[in-house]
Amino acid sequence: IACLETLSLVGIQKILSKEKDLIVVSNVKGEDEVMLKAEELDPDILLLCSHLVTEWGIDIIKKIKSETKRAKIVIFNSRLPDDMELLLSF
């Protein structure tokens with residue numbers, strides 16, 4: 001799981017830990033760690049926070065796909081839209 005936000009990492013880890021056929025092998029919070037862990041662990045699935053998918057993120061996705069044998073990449077959004085945050089503040 002790669003995400004900038006600790007709460008998202010912990011929440012996703014907790015949800016996935018309930019699945020008997022899934023093992024979370026690593027959590028990373030920074031762009032630099034993503035590629036290192038992907039190469040080291042060659043995961044089946046890489047959950048990548050959309051906030052890491054910047055111009056840099058597109059390049060890292062291409063690199064991961066070319067250098068890992070099996071990684072499938074799933075991009076998720078860990079933040080509420082601005083208008084939703086405003087609504088929840090009332």
Participant: Could you tell me whether the side chain of Lys65 and the main chain of Ala71 form a donor-acceptor pair under 3.5 Å?
Facilitator: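 At least one qualifying donor-acceptor pair exists.
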Participant: Ile12 and Val74: same hydrophobic cluster, using ILVMFWY side-chain contacts below 4.5 Å?
Facilitator: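 Linked, Ile12 and Val74 end up in one cluster.
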Participant: How far does CD1 of Ile73 sit from NZ of Lys62, to the nearest 0.5 angstrom?
Facilitator: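 If we round to the nearest 0.5 Å, Ile73:CD1 and Lys62:NZ are 12.0 Å apart.
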Participant: Taking a hydrophobic cluster as the set of Ile, Leu, Val, Met, Phe, Trp and Tyr residues connected by side-chain heavy atoms closer than 4.5 Å, whether directly or through intermediates, do Val10 and Leu22 fall within one such cluster?
Facilitator: no
Participant: Which one of Val28, Leu16, Leu48 satisfies the side chain to side chain contact (heavy atoms under 4.5 Å, CB included) criterion with Ile1?
Facilitator: Leu16
Participant: Between Cys3 and Phe76, what is the shortest heavy-atom contact and its length?
Facilitator: CB-CZ, 4.1 Å
Participant: Does any part of the side chain of Val34, heavy atoms only, come nearer than 4.5 Å to the side chain of Ile64, both counted from C-beta?
Facilitator: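 SC-SC contact between Ile64 and Val34 confirmed.
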Participant: How long is the span from the CG atom in Asp44 to the CZ atom in Arg70, to the nearest 0.5 Å?
Facilitator: 4.5 Å
Participant: Closest approach of Ile61 and Ile75, non-hydrogen atoms and distance?
Facilitator: CD1-CD1, 3.9 Å
Participant: For Leu41 versus Ser26, what's the shortest heavy-atom pair and its separation?
Facilitator: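 It is CD1-CB, 3.6 Å.
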Participant: Please report the closest heavy-atom contact between Thr6 and Lys29, naming both atoms and the distance.
Facilitator: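 Looking at all heavy atoms of both residues, the shortest contact is OG1-NZ, 2.6 Å.
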Participant: Is any side-chain heavy atom of Thr68 closer than 4.5 Å to a side-chain heavy atom of Leu46?
Facilitator: no
